[in-house]
Amino acid sequence: MDNKPANNFLHAIIADDLAAGRVTEVVTRFPPEPNGYLHVGHAKSICLNFGLAEAFNGRCNLRFDDTNPAKESPEFVASIQEDVRWLGFEWHDEVRYASSYFQQLYDWAQHLVREGNAYVCDLNADQAREYRGTLTEPGVNSPYRDRSVEENLDLLERMKAGEFEDGSRVLRAKIDMASPNMNMRDPILYRIRKIEHHQTGNDWCIYPTYDFAHGQEDAIEGITHSICTLEFEDHRPLYNWLLDHLPVPSRPRQYEFGRLNLNYTVTSKRKLKQLVDEGVVDGWDDPRMPTISGLRRRGYTARSLRKFCDMIGVTRSDGVVDVAMMEHAIRDDLNENAPRAMCVLRPLKVVLSNYPEDKTEYLSAPCHPSREELGVRELAFTRELYIDAEDFREEANKKFKRLVLGKRVRLRNAYVIEAESVLKDEAGEIVEVQAKVIPNTVGNDPEDGIKAKGVIQWVSATEGRRATVRLYDRLFSHEAPDKGDNDFMALVNPNSLELIEGAWIEAGLVNAQPEQSFQFEREGYFVADRHEHRPEAPVFNMTIGLRDSWNNGQK
RNA sequence: UGGGGUGUCGCCAAGUGGCAAGGCACCGGGUUUUGAUCCCGGCAUUCGCAGGUUCGAAUCCUGCCACCCCAGCCA
């Protein structure tokens, strides 16, 4: 991989563990729950876990933490694998599932019971909440806390056999109801859920909680460094308590880092799901979504996302990254790698009065301004062309470096032209510009010494092709749609998508491969839509615009 | 007001007692057949605040303040 050797506190901890002989190999894991699509925050975790394993010649497992069948589905299991691979990572061996350890987990639950460290509790959810106490008041022991080992074993067996209703009983660890750490107040280990599981079918009607599953899964897989986000910090004592009280085959350690927060963005599976479910976007992979599949469809490359994760670093502080950094990462990649092409978004016809009607010249244009090896392409130059409506004005001040009546402009990779007159419709709208070609100006300045003021893109009206282009803007107009009591659904930018059906592209572009990126010169980076682009009906998505120091504030 | 964390430029982030890296953003200037790229220059006498230790502190000590997380049979 082209990742830099990530230098963060976890890298240092691991290097130290290796040096001190605490571990002889590094084993990490990426443990998503298959209850939604992966988003850019997961990309950070993926780069971290796979990157660390790679940096130390260790391995990284992909493990589905599928302990709650109510929220999970095979669709998510599939999409997650695709996203991880697309990002450029390969997990060690087969995909793992927490559900494949259910029997072992159950055996360990019995072990805890036999040792007097767990009990079946008949309190319902409401009662349990009352007994739990509050942040400032200790909890109260459950009246079922002191059942005999025999009774507990019997009850647990019957829970598993499906004798009791959902919610009627749970298995709890017997720790300390007065602990200042809420997670240690006899946490729930198993709950009854009579629903089918996407991997284990109807084999089980009791399912382990995250707390009872995660550390043990890590131990089973020989994970050395179990990396999770900050909010699990309070769970670490429980994670360790369980490992201390169970005959596990290895001793993993948990470390936490600050999850990625991006401004103008929502990164919460629940909220992303709501955007999808309520039709605000066209699906999990809508190009406006911060999901990995959405960014992919938008035109972000895996390399740019890895670069971005590199740029933001990994620490224990929890901040908000400016989305401009992610935009920089993709611009940087595409500037270097995307072939150039021309596209006219809002076509305005230009007729070159002194250019023969039946003539077509093929002008050669480099595909990249600084990378000759990317080759050249041929551009059809004809009497009738399209330029962008925004690139013409009847009159303008000297700061306007485009076409103005009576003035000259350079057509990119072609001639300098001079505007002579305009044709307007009844409404006074300009529908056509009459202009003349300045002879011998392909590759040369005008011989009369009157230079063009600027350069604009163009496409032959007769040889070019029509295309659908989707322009995107940020999905949220608010910097922190997620924050506090903000109603993120009300902060959705109503203009996040602008559909342009009649854009005009140079002919060669219809043969673009789905997911191929281009820079449409002077406009931005665009990608042929992964699903909808076809030669007969080209569809391009705007990935990101070019930096524009003129458009900002002016115009 | 219990417990656990975090506070270095607008944002991210190095720095672990020796005199504030880097990136993003922003602001100049140069090159340019993309108002892009590229290049050059600017951008924290100061590290949440207040004391203290020390020849010397972002780094050590004390106190305070701010923000984040925890009372799901979610993860």
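Each chain gets a letter, A, B and so on, in the order its sequence line appears, and its residues count up from 1.
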Does A/K44 or A/I456 map to a spot on RNA chain B nearer the 5' end, using the closest nucleotide for each?
-> A/K44

Of A/F9 and A/I192, the one whose nearest nucleotide on RNA chain B sits closer to the 5' end is A/F9

Is the glycosidic torsion of B/G72 within 90° of 0, making it syn, or is it anti?
-> syn

Picking from [options], which would you name as closest to the side chain of [X]?
{"X": "A/K483", "options": "B/C68, B/C73, B/G4", "answer": "B/C68"}
{"X": "A/T136", "options": "B/U1, B/A75, B/A71", "answer": "B/U1"}
{"X": "A/E33", "options": "B/A75, B/C73, B/G2", "answer": "B/A75"}
{"X": "A/M311", "options": "B/A25, B/C12, B/G23", "answer": "B/G23"}

Considering only the [atom1] atoms, how many Å lie between [N] and [M], rounded to the nearest integer?
{"N": "B/A66", "M": "B/G29", "atom1": "P", "answer": "45 Å"}
{"N": "B/G30", "M": "B/G18", "atom1": "P", "answer": "43 Å"}
{"N": "B/U16", "M": "B/U1", "atom1": "P", "answer": "34 Å"}
{"N": "B/G48", "M": "B/C67", "atom1": "C1'", "answer": "10 Å"}
{"N": "B/G42", "M": "B/U6", "atom1": "C1'", "answer": "32 Å"}
{"N": "B/U31", "M": "B/C40", "atom1": "C1'", "answer": "11 Å"}
{"N": "B/G2", "M": "B/G63", "atom1": "P", "answer": "15 Å"}
{"N": "B/U53", "M": "B/A44", "atom1": "C1'", "answer": "26 Å"}

Is there a Watson-Crick or G-U wobble partner for B/G2 with both distances under 3.5 Å, and if so, which one is it?
-> B/C70

Under 3.5 Å on both distances, the Watson-Crick or G-U partner of B/C60 = B/G52

Determine whether the aromatic ring centres of residues [Y] and [X] are separated by less than 6.0 angstrom.
{"X": "A/H214", "Y": "A/F232", "result": "no"}
{"X": "A/F518", "Y": "A/F526", "result": "no"}
{"X": "A/F540", "Y": "A/F520", "result": "yes"}

Categorize [X] for me: base, sugar-phosphate, or nothing, with a 4.0 angstrom heavy-atom threshold over every strand shown.
{"X": "A/S317", "result": "sugar-phosphate"}
{"X": "A/N335", "result": "sugar-phosphate"}
{"X": "A/R129", "result": "sugar-phosphate"}
{"X": "A/H214", "result": "nothing"}
{"X": "A/I312", "result": "sugar-phosphate"}
{"X": "A/Y190", "result": "nothing"}
{"X": "A/V442", "result": "base"}

Aromatic ring of A/Y210 stacked on base six-ring of B/A75, 5.5 Å, 30° = no

Send over the distance from A/R331 CZ to B/G23 C1', rounded to a whole Å.
-> 15 Å

Please round to the nearest 0.5 Å and tell me the distance separating atom CG of A/L385 and atom CD1 of A/I387.
-> 8.5 Å

One should read off an interatomic distance between A/L262 CG and A/K44 NZ, to the nearest 0.5 angstrom, of 10.0 Å

Answer yes or no: is there a side-chain heavy-atom contact under 4.5 Å between A/P69 and A/Y207?
-> yes

So, does the side chain of [X] form a donor-acceptor pair with the base of [N] at under 3.5 Å?
{"X": "A/D234", "N": "B/G3", "value": "yes"}
{"X": "A/Q519", "N": "B/U34", "value": "yes"}
{"X": "A/R547", "N": "B/U37", "value": "no"}

Row check, A/Y119 ring normal vs A/R172 NZ/CZ: under 6.0 Å, within 45° =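 The answer is no, since A/R172 fails at least one limit relative to A/Y119.
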
